[in-house]
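Throughout, numbering of the chain's residues begins at 1 and tracks the sequence. This one's a predicted model, so the numbers in the text were calculated from it and none came from an experiment.
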Amino acid sequence: MHQSIWGWSLPLLFLLILGTPAISSRVLELSDRFIDVRHEGQWLVMFYAPWCGYCKKTEPIFALVAQALHATNVRVGRLDCTKYPAAAREFKVRGYPTIMFIKGNMEFTYNGDRSKDELVDYALRMSGPPVQLVTRTDSVDMLKGSHTIFFMFVGPQQGVVWDTYYAAAEGYQEHGFFYATSEEIAAQHFDFEKLPAVIVYKEEQHHFYPHGHVAHEMDPNDVNETIFQWVNVERFTLFPKVTRFNIHQLLKTKKFLVLAVVQEDKLSQIATHELEFRDMVEGVIRKHRPRYHDKFQFGWIGDPSIAHSIILDQLPTPHLIALNSTTQHHYIPDDDPLQMTPQALHLFLESISNESATAYGGDTYFVRVNRALFELKRSLREMWRGNPVLMTVIFGLPLGFLSLILYSIFCGDCLVTEEEQEEDHEKKE
């Protein structure tokens, strides 16, 4: 059966389940018949609604993703949940757009940035095994050229370190690339003394899991905990761009999240003075990585509304904020950001580290309520900007019905009273 479908796969899929691809796009239009053939092959699917503004913004990006994945074994499709609600229920779609990677009986909901590169990398990671074997030395050079960050196991594929590394790869497959290779191949690219070794390669540098060569002397539970923790914190670059999609993953590092806040325009351009501020922060961090790496995760924000959601207030740009990922307290330096020097930045970070900095916010009930209200207002503003007609219908109709109900309750009696008074007046005459 498998051979008969994929031997002349695309025409059959078009006719039986999908209709036709959109003009000048390789994104397949799916129907509810997709439920019956989801087990055939691997799929990256966007579940959408035609009225959804976010879906419309994602459509051209998804078309580029389909083009990039055309030569792979991953099929890219989209499904209109308003036309095929049965499919939406089958895949438990709760919002739009929902992007899923589907292979066999497994479904993985994508929660990363909706950019072409991120989506393509995600599909490629999920389409393969958790750990991919590297058998040629030139393949390592290719990985360095194509990946900003990846993990590599070196040594015999057995023992507690290998088992834990493989388990970590399964757990973090959605978020990173994991490979394994032999000592002979790795020795031509990395400097290591003892095996097994677990390496993270990021931004043209490599770093080692610190306990790899002594893991056989450790308790297996400690090995498991430390490898998972190490992968969790090392899966990010030193100074990533922080968005509403990846900030929750960054907070899982349990570090202080220090963010340079600037304003990007629609063309992703940043004003010169704000760019200089961001570059100053990045330069300090890169120069002093060993000093701060254990306690701090750094990044930058191009959308100030993310910072507004953290402090529940407006914030001028450029600026600097720090967030305690455990307690949700945030910190703001006293210095004017435009006048901040590297030395002032060091003092600010040191004050956070020794707990002398003033902490704001937190995770109390009052703060959570304020944050919920703040996010509700922000969401409503974005919905209005994205589709004012729909928002008018959503809120206008209920308000119209409410007005009629109130009118009938409070003004109906007035009309009846006036009619009764007129009748009494006629009787008296």
Side-chain angles (χ1 to χ4, degrees), residues 13 17-35 38 41-70 72 74-103 106-127 174-175 241-249 266 268 302-303 305-306 309 375-376 378-391 393-394:
L13 289 174
I17 55 170
L18 320 176
T20 57
I23 297 174
S24 71
S25 172
R26 296 189 183 275
V27 180
L28 305 175
E29 293 288 352
L30 307 179
S31 74
D32 51 9
R33 296 181 184 177
F34 175 64
I35 298 172
R38 52 170 290 180
Q42 302 183 97
W43 298 85
L44 185 68
V45 180
M46 180 174 74
F47 297 87
Y48 74 100
W51 48 260
C52 170
Y54 294 113
C55 299
K56 293 176 182 177
K57 291 180 181 178
T58 308
E59 281 180 4
I61 298 171
F62 216 61
L64 295 175
V65 172
Q67 181 68 35
L69 295 173
H70 178 61
T72 71
V74 178
R75 306 296 183 193
V76 180
R78 65 176 192 166
L79 190 145
D80 183 347
C81 294
T82 62
K83 275 187 178 181
Y84 308 108
R89 289 192 297 270
E90 173 70 19
F91 292 98
K92 299 179 177 61
V93 176
R94 297 287 183 267
Y96 305 119
T98 293
I99 299 174
M100 287 187 182
F101 188 88
I102 301 167
K103 55 179 177 180
M106 295 183 291
E107 304 161 8
F108 304 89
T109 300
Y110 177 73
N111 294 308
D113 288 323
R114 294 174 192 151
S115 66
K116 176 204 166 188
D117 291 342
E118 290 289 339
L119 281 164
V120 169
D121 281 350
Y122 175 77
L124 293 176
R125 287 196 299 269
M126 300 307 295
S127 65
E174 293 184 77
H175 308 291
K241 182 178 181 179
V242 178
T243 68
R244 290 192 180 274
F245 297 105
N246 67 6
I247 189 170
H248 299 292
Q249 290 297 321
K266 293 181 179 180
S268 299
D303 176 8
S305 69
I306 302 174
S309 295
E375 288 300 308
L376 176 62
R378 181 190 65 80
S379 298
L380 291 175
R381 284 196 299 267
E382 290 188 359
M383 289 174 65
W384 176 261
R385 294 192 192 102
N387 200 329
V389 175
L390 178 63
M391 287 292 290
V393 173
I394 291 175

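Looking at Tyr84, Phe91, Phe47 one by one, the single match for ring pair (Phe, Tyr, Trp, His ring centres under 6.0 Å) with Phe34 turns out to be Phe91. Partner of Met46 under the side chain to side chain contact (heavy atoms under 4.5 Å, CB included) criterion, chosen from Thr98, Thr58, Val65: Thr58.
A heavy-atom distance below 4.5 Å is found between the side chains of Arg244 and Ser305. Two residues are said to be in side-chain contact when any heavy atoms from C-beta on lie closer than 4.5 Å; Ile99 and Leu119 meet this criterion. The shortest distance between side-chain heavy atoms of Asp117 and Val120 does not fall below 4.5 Å. Residues Met100 and Trp43 are not in side-chain contact: their nearest non-hydrogen atoms beyond the backbone lie 4.5 Å or more apart. The shortest distance between side-chain heavy atoms of Glu174 and Arg125 does not fall below 4.5 Å. By the 4.5 Å heavy-atom criterion applied to side chains, Val74 and Phe101 are counted as neighbours. Counting heavy atoms from C-beta outward, Phe108 and Lys103 have side chains that approach closer than 4.5 Å. Between Glu59 and Arg78 the shortest side-chain heavy-atom distance falls below 4.5 Å.
Aromatic rings of Tyr48 and Phe62 (six-membered ring for Trp) have centroids beyond the 6.0 Å cut-off, not under it.
Ring geometry for Tyr96 versus Trp51: interplanar angle over 60°, hence perpendicular rather than tilted (30 to 60°).
Applying the side-chain hydrogen bond (donor to acceptor under 3.5 Å, both in side chains) criterion to Asp80, with sequence neighbours excluded, gives Thr82.
Judged by distance alone, the side chain of Asp121 and the main-chain N or O of His175 form no donor-acceptor pair under 3.5 Å.
Between Glu107 and Lys92, none of the side-chain N atoms (NZ, or NE/NH1/NH2) sits under 4.0 Å from a carboxylate O, so this pair counts as no salt bridge.
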